[in-house]
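First comes the structure, then the notes that go with it.
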Amino acid sequence: MLRLHKGYVRRGEQLITFPDIELKRGEIVGVSGPSGVGKSTLAGMLAGIIPMQAELHSLPRRARGKPNPVQWLIQQGEFAFNPRLTLKTALDESWQCDDYLPLLKDYGLDASWLTRRPNQLSGGQLQRFNLIRALVPTTQFLICDEVTAHLDTITQAEFWQHLLATANKRNLGVLVISHDPYLLEAICDHIVTW
Amino acid sequence: MLTVEGLSIQSDAVSLLSPLSFSLKQGEVLGVIGASGSGKSLLAQALMGQVPPGFKLGGKVISQQGARRALAAQSASVLDPLRLIGSQLRYAAQRLGKRASTRRHYFKLGGNITERYRHQLSGGMAKRALMAQACWQSSEIMIADEPCCGLDVEAALAIYQHLAMLARDEQLGVMVISHNLRQLLPIADRVLVLRDGRAVEMTTPAHIRAGACDEYTHRFWTALPEHWESERVAVA
């Protein structure tokens with residue numbers, strides 16, 4: 001379980017406090033709040049990348065040399081990939097094999113696009129590659145930080161369709177950070193409002 | 001008024017934008033929607049006379065009485081990183097002259113934006129600075145490329161309201177490229193739909209809501225989360 005109780009972080013003079021979060025495997029939890037309250041910082045803390053201060057917290061243990069069981073997906077796929085590497089190099093690096101190939105078809109991605117670099121794909125395509133990269137077998141939780149904010153509505157609907165199906169199949173816990181109340185309403189078991 | 005006749009972007013082998021024709025009147029808000037990669041931003045750039053390297057611009061863009069056009073780009077990367085935002089905006093304002101001061105109340109630019117550099121702005125602040133810059137640069141036609149991507153609902157609403165006011169009160173012709181139908185439709189007079197670099201149709205918000213439009217266009221409307229058929233419908 002991913003858990004945060006009375007979490008806070010100090011930035012200079014500024015104190016950011018976080019709402020309490022509990023995310024079990026197989027659960028979809030939404031987080032909403034205005035711009036600038038620290039939603040992305042929260043995502044970073046839960047992914048164990050930004051040091052966490054809290055009265056009580058628990059994160060899944062990360063085995064040495066293995067990928068993080070909590071995978072953080074950022075807003076723009078464009079910034080998630082190294083612009084110099086092909087998609088194949090990027091995906092091979094996280095998977096350490098090519099077992100992700102069957103996933104490509106599920107997500108409507110063409111295997112021939114693997115030879116391309118990030119600037120040769122659209123935002124929606126990159127975001128799907130980004131998700132597949134995060135779906136390594138060790139993943140237990142996904143933190144989705146405004147992942148479809150830059151996508152058109154059709155691409156957005158397809159993206160969530162795929163993601164929720166995978167989460168269901170693999171019993172993943174998903175934290176959805178979004179400004180869109182309708183989206184959260186449509187996909188989440190419950191919503192934490194900042 | 002802006003009249004576009006057969007505007008296209010092509011190379012010998014590839015066509016990025018097939019010939020497009022439409023008009024944009026003063027006081028009108030024209031929405032442009034389409035999937036990612038459909039050529040929305042290319043259209044905006046083509047209207048400014050720019051094309052990607054190796055491609056040619058075809059067709060004509062006629063602006064009556066030399067109506068000036070300005071583009072508020074999608075990304076803050078177009079702002080000069082080495083100059084204060086305020087100084088860049090003053091430069092834009094000089095070109096517009098007297099009218100800039102009456103437009104200064106749009107997009108609420110306080111010292112927290114003008115006295116900073118590009119990298120010190122949040123996403124919302126950067127969008128407002130880009131909008132203000134375009135609205136001060138242009139007295140006739142303003143093109144806004146994804147003005148509210150990544151902003152919270154209130155901030156996005158404020159920007160859309162300002163765009164509508166610019167059209168209504170200042171008689172600008174405003175073209176808004178957006179995938180946020182929820183916020184675009186209430187302010188748009190007409191909507192141009194693009195798919196793979198071609199125009200699907202020119203329609204109106206009322207027609208989209210009612211489904212009296214192309215099937216492809218209507219999919220953008222039905223794909224909004226509030227129209228998903230049931231909870232977790234997506235899992236199907």
Side-chain angles (χ1 to χ4, degrees), chain A residues 27-28 30 32-40 74-79 119-128 145-169 174 176-190 194, chain B residues 32-41 52 74-75 77 112 121-128 146 148-158 177-185 193-196 208 216-236:
Chain A
E27 216 180 21
I28 319 274
S32 74
S35 290
V37 289
K39 294 196 293 297
S40 296
I74 64 165
Q75 206 173 97
Q76 278 177 283
E78 290 88 331
F79 298 137
N119 65 0
Q120 295 168 307
L121 290 161
S122 76
Q125 290 160 350
L126 273 178
Q127 197 61 292
R128 276 175 281 166
D145 186 3
E146 290 281 8
V147 283
T148 51
H150 288 75
L151 308 182
D152 63 85
T153 54
I154 296 177
T155 315
Q156 166 174 276
E158 285 170 359
F159 184 90
W160 286 109
Q161 197 166 29
H162 294 313
L163 194 153
L164 295 179
T166 309
N168 197 21
K169 200 160 84 185
V174 185
V176 185
I177 300 175
S178 174
H179 286 311
D180 186 344
Y182 296 97
L183 173 69
L184 295 179
E185 194 59 44
I187 62 175
C188 296
D189 297 315
H190 63 261
W194 210 294
Chain B
V32 179
I33 64 171
S36 64
S38 62
K40 303 188 296 284
S41 296
Q74 199 169 351
S75 159
S77 61
N112 63 341
L121 301 181
S122 76
M125 290 172 175
K127 287 286 184 196
R128 292 220 300 274
E146 293 288 5
C148 297
C149 213
L151 302 192
D152 62 64
V153 179
E154 275 174 36
L157 208 61
I177 297 173
S178 174
H179 57 244
N180 194 336
L181 263 64
R182 207 180 287 140
Q183 280 149 354
L184 175 67
L185 295 192
V193 188
L194 295 181
R195 183 180 196 177
D196 302 330
I208 295 181
Y216 179 71
T217 310
H218 196 54
R219 272 174 59 197
F220 284 102
W221 178 246
T222 51
L224 282 171
E226 58 267 44
H227 300 146
W228 293 358
E229 273 165 10
S230 64
E231 278 184 44
R232 301 280 180 92
V233 63
V235 180

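Each chain gets a letter, A, B and so on, in the order the sequences are listed, and its residues count up from 1.
Annotation for A:Pro181 and B:Val153: closest pair CD-CG2, 4.0 Å, computed over non-hydrogen atoms. Of all heavy-atom pairs between B:Pro225 and A:Ala186, the closest is O-CB, 4.0 Å.
With hydrogens and angles disregarded, a donor-acceptor distance shorter than 3.5 Å links the side chain of A:Thr153 to the backbone of B:Phe220.
Contacts between B:Ala35 and chain A at a heavy-atom distance below 4.5 Å involve backbone atoms as well as side-chain atoms. When heavy atoms are compared at a cutoff of 4.5 Å, A:Glu158 approaches chain B solely by way of its side chain, counted from C-beta outward. The parts of A:Ile154 that come within reach of chain B are both its backbone and its side chain, each placing non-hydrogen atoms under 4.5 angstrom from that chain.
Here A:Lys39 contributes atom NZ and B:Asp152 contributes atom CG; the two are 6.5 Å apart, rounded to the nearest 0.5 Å. Taken to the nearest 0.5 Å, the CH2 atom of B:Trp228 stands 5.5 Å off from the CD atom of A:Gln156. Atoms CD and CD, from A:Glu185 and B:Glu226 in turn, are 11.0 Å apart once rounded to the nearest 0.5 Å.
Every residue two or more places apart in sequence or in another chain was checked for a ring-ring contact (aromatic ring centres under 6.0 Å, His included) with A:Phe79, and none qualifies. With sequence neighbours excluded, the residues that form a salt bridge (Lys or Arg N to Asp or Glu O under 4.0 Å) with A:Asp180 are B:Arg182.
Counting non-hydrogen atoms of other residues, nucleotides and ligands closer than 6.0 Å to CD of B:Glu154 gives a total of 12 or fewer.
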